[in-house]
Structures are given as C-alpha cells and as structure tokens.
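Read the numbers this way: they start at 1 and go in the same order the structure lists the ligands and their atoms. As the structure is a computational prediction, the values presented were derived from the model and not from experiment. Count residues from 1 along the sequence. The figures that follow rest on heavy atoms only: side chains count, while hydrogens, waters and symmetry mates do not.
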Amino acid sequence: MTEFDEIIIGQGLAGTTLAWHLLDRGRRVLVIDRAQPGTSSRLAAGLITPITGQRLTVSWRCREFLEQALSFYRQIESRTSTSFLHADGALRFWQNDREQHVFARRLEEEPEFASQVDELSEVPDGVLADQGGFTMPTAARLNVPLFLDASRAEFQRLGAYTEADINLANDLNLEPGRASIPRLDVTARTVVFCQGIAAADNPWFRGVEFDATRGEILTVRIPQLEECRTLHRGVWLASLGDGLYRLGATSRWNDLEEGPTEAGRDWLCSRLREWLNCDFEIVAHDAGVRPIVKGRHPLLGRHPTLPQFAYFNGLGSKGSLQAPAMAAQLAAHLAEGTPLGSEVDLNLRTDCRT
Ligand SMILES: Cc1cc2nc3c(=O)[nH]c(=O)nc-3n(C[C@H](O)[C@H](O)[C@H](O)COP(=O)(O)OP(=O)(O)OC[C@H]3O[C@@H](n4cnc5c(N)ncnc54)[C@H](O)[C@@H]3O)c2cc1C
C-alpha cells in the first residue's frame with residue numbers, strides 16, 4: 001500500500017485549499033475526487049465580497065481572510081502559471097432609501113465598514129443607478145473551475161491526485177492510527193472529508209447539521225456592456241470576459257435536489273431588467289447547493305472518537321473568501337496539533353461521537 005500522511009476526499013474549494021497548505025508543510029498528500037459536474041465549487045461565481053446582504057454586513061473577519069485569500073490565490077497562480085483571480089472591485093447600487101440609511105449608519109459607527117467602501121465615482125453605460133450607490137475596491141472574483149483545474153493538474157504531476165468515487169460504507173478500513181482504502185491500495189494517518197453537501201450522508205459525521213440552500217445562476221451574453229467590476233443591485237452580474245457574465249443568484253431552503261427552474265430563471269431576469277438597459281441572451285442555466293451548516297461558520301477538526309478521520313465543510317456562500325484561511329488553520333492542526341479557533345472547532349459545535 002502507498003502510504004500518505006493525509007488522504008483528502010473531495011477536490012472542491014475545501015479539499016483543494018487544504019491540499020496546497022498540507023503540501024507546503026511537506027506532508028504526503030493524496031486528493032481523491034469523483035470529478036462530478038455541477039458541484040458547488042464548479043458552479044460558484046467565486047465572488048469575494050466584503051459587504052453583503054440587505055443589512056450591509058461586513059463579512060466575518062473580512063480583512064484578515066481577504067488578505068490571506070488574495071495572497072494565497074496569487075501564489076497558486078504563479079506556481080501553476082494560470083490566471084484565475086480578478087481583483088477588479090465591485091459596485092453596489094441602492095435599491096431603496098432603507099439601504100442608504102443603513103449605509104450611512106454603518107459608515108458612521110463601524111470603522112471596519114468604512115475601510116471597505118468608497119464613493120461611487122461613475123456608473124457604467126447601460127446601468128440604471130438613479131439612487132446612487134458605493135464602491136467596494138477590495139472585492140474580487142475567483143474563477144473557481146480554473147483554480148480547481150490548475151490545482152488538479154499540479155497535484156497529478158506531484159502524484160497527489162486520483163479520480164475515484166469513494167463508497168464510504170465499503171471502501172474505508174480503520175486500523176489503529178491509520179485508515180486505508182484497499183481498493184485503491186492507499187493508506188494514511190488521516191482521511192479528511194471535504195465533501196461539500198455530499199457529507200450530509202457521511203455516517204461518521206451525523207452530528208453535523210446542514211442548513212444548506214439551493215442557488216440558481218445564469219450565464220448571459222450582454223454585447224453592449226463592457227464592465228469587469230462586479231455589479232450588485234438585488235442580483236449581481238460578474239464578468240467572464242468576451243461579453244459573457246454570470247447572473248445570480250437565487251437562494252432557497254427547500255427542494256435542494258431540484259435542478260434549474262423556470263421560476264428561478266424568470267426571477268433573475270426580471271431583477272436584472274430593473275436596472276440594466278441593454279438586451280441580454282441566456283447562454284446557460286445551472287443550479288447547485290451551498291454547503292451551509294448550522295451556526296454559519298465553517299466546521300473543521302478531527303473526529304472525537306476516530307482520530308483517523310477529520311472534517312472540513314460549511315464554507316456556505318463564502319467559500320472563495322474563507323477557504324484559504326480555514327485550510328491553513330486545519331493544516332496546522334493536522335500537522336502540528338495547533339488548536340483550532342473555537343468558532344470553527346467541530347468538537348465544540350457538534351456532537352459526532354459514535
Ligand atoms: C449557485 C451558487 C453560487 C455560488 N456563488 C459563490 C460565490 O460567488 N462566492 C463564493 O465564495 N461561494 C459561492 N458559492 C458557494 C461555494 O461554491 C461553496 O462555498 C464551495 O464551493 C464549497 O466547496 P466544498 O469544497 O466544501 O464543496 P464542493 O464544491 O461540493 O466539493 C466537494 C467535492 O467532493 C467530491 N466528493 C464528495 N463525496 C465524494 C466521494 N464519496 N468520493 C469522491 N469525491 C467526493 C465532490 O464530487 C466535489 O468535487 C456558490 C454556490 C452556489 C451553489
């Protein structure tokens with residue numbers, strides 16, 4: 001059997017960022033993924049947005065995570081000679097008076113909020129922004145599929161990747177101090193489950209409660225709009241280049257299994273028509289599930305009674321921003337036993353004892 005320090009099951013944002021951090025610590029790592037289309041990371045628009053929602057909330061530990069994320073992705077860009085991070089900023093336009101009032105209050109009361117916003121200097125042609133808005137200069141966008149593909153190619157080159165669909169009930173053998181997958185002839189001190197929403201069926205982590213949402217997203221062509229910054233007004237529009245944009249996203253707690261719906265498509269299009277004065281054509285329509293867990297923040301850590309197993313999940317709707325910092329924390333925990341932050345420690349927030 002080939003021996004590894006860590007076997008990671010799942011090569012979405014969680015598994016990929018963790019693999020990089022462990023490899024950087026000199027660990028012997030194997031990433032296993034079933035290369036399934038339509039996963040959360042494959043569909044994500046990759047927006048890194050410091051201020052979100054109708055209440056204009058500054059994202060949790062935004063400054064620190066942003067710094068780590070931008071520096072991490074830049075480093076992987078240079079190591080893989082691929083460009084997938086677009087740090088162009090974003091514009092947000094007011095939908096109503098209430099948003100303006102919330103903005104004014106936050107600007108006055110929260111130094112962190114004030115440090116993440118700027119005045120709106122101009123409005124792109126074709127966009128209706130009658131009430132004004134603000135700029136988020138630090139907002140960025142990660143081309144997630146490109147990041148995953150470039151990482152996978154490098155992991156393959158290093159002998160650290162294999163494609164397989166792991167049957168959790170039959171494929172894993174537990175031994176003292178290690179876990180093995182005999183079908184693949186591999187063994188490791190730790191198997192880390194980075195499965196996204198598929199972990200809802202993981203028999204060893206039943207104590208994790210998901211509060212996942214289904215999101216629909218469109219790819220649209222807008223030949224008359226030339227804008228590389230992400231635009232927000234109820235919905236968001238993020239450039240893919242060559243006149244193509246992602247338009248998103250819906251959020252529903254029910255019918256998680258359902259694919260793209262007519263209602264979702266119509267809602268996104270009508271919201272966009274409220275402020276975009278250009279024709280657009282729908283090129284693609286997708287639906288996926290955001291792996292949100294109860295308590296909102298991500299969950300990391302070793303299993304309480306089976307230390308050969310560890311877990312990384314709950315990136316929710318902020319995977320691009322939070323994954324690099326969370327993965328760094330988990331890698332230090334697995335490799336050196338560094339304690340985890342209490343907000344994300346699996347064993348403080350769930351009961352996974354079997
Ligand atoms: C419509 C939509 C829009 C989004 N937009 C954004 C956004 O703009 N910005 C942002 O930050 N986040 C966004 N997200 C959320 C973001 O995508 C998630 O936070 C992130 O992708 C979760 O990554 P993950 O690695 O935990 O899970 P996943 O991406 O689901 O990855 C899990 C991987 O594990 C594999 N796997 C699972 N079980 C097994 C098994 N048994 N054997 C082998 N492989 C297995 C799966 O095939 C998959 O590749 C969006 C999500 C959706 C649905």
Pair Q116-T138, side-chain donor/acceptor within less than 3.5 Å: yes
Those atoms of ligand 1 less than 4.0 Å from some heavy atom in C194: 32 (C), 33 (C), 34 (O)
More than 12 heavy atoms from other groups under 6.0 Å of CD on E336: yes
Polar contact flag for I217 and ligand 1 (N/O pairs, less than 3.5 Å): no
Aromatic centroids of F84 and F147 separated by under 6.0 Å: yes
Distance-only side-chain donor-acceptor flag, T82 / E77, under 3.5 Å: no
Numbering as shown, the atoms of ligand 1 that approach G288 to under 4.0 Å (heavy-atom distance): 53 (C)
Within reach of ligand 1, part of A14 (heavy-atom separation under 4.0 Å): both
Check: S317/R290 side-chain N/O donor and acceptor closer than 3.5 Å: no
Min heavy-atom dist G248 to ligand 1 below 4.0 Å: no
Numbered atoms of ligand 1 (with element) below 4.0 Å of L13, judged on heavy atoms: 20 (C), 21 (O), 23 (O), 25 (O)
Salt bridge present between R55 and E110 (N-O < 4.0 angstrom): no
V289, portion touching ligand 1 at heavy-atom distance under 4.0 Å: backbone
Ligand 1 contact on A164 by region, counting heavy-atom pairs under 4.0 Å: backbone
For G215, the ligand 1 atoms whose distance to one of its heavy atoms is below 4.0 Å: 1 (C)
Test salt bridge (charged side-chain N to carboxylate O under 4.0 Å, His left out) applied to R229 and D88, step by step: CA-CA 5 Å; R229 293 165 297 184; D88 299 310; over 6 Å; no
A198 neighbourhood, listing ligand 1 atoms whose heavy-atom distance to it stays under 4.0 Å: 37 (C), 38 (N)
N/O separation below 3.5 Å, I166 to ligand 1: yes
Distance filter under 4.0 Å to S320 heavy atoms, resulting ligand 1 atoms: 9 (N), 10 (C), 11 (O)
Residues W204, L168; criterion side chain to side chain contact (heavy atoms under 4.5 Å, CB included); working and verdict: CA-CA 9 Å; W204 297 288; L168 302 193; 3.9 Å; yes
Presence of salt bridge, E343 and R61, under 4.0 angstrom: yes
Best match, T16, D33, I48, L168: closest heavy atom to atom 49 (O) of ligand 1: D33
Atoms of ligand 1 close to G10 [distance to a heavy atom under 4.0 angstrom, numbered from 1]: 33 (C), 34 (O), 35 (C)
P291, portion touching ligand 1 at heavy-atom distance under 4.0 Å: side chain
Test item: side-chain donor near acceptor, W20 and S151, under 3.5 Å: yes
S317, portion touching ligand 1 at heavy-atom distance under 4.0 Å: backbone
Location of contacts on R34 toward ligand 1, heavy atoms closer than 4.0 Å: both
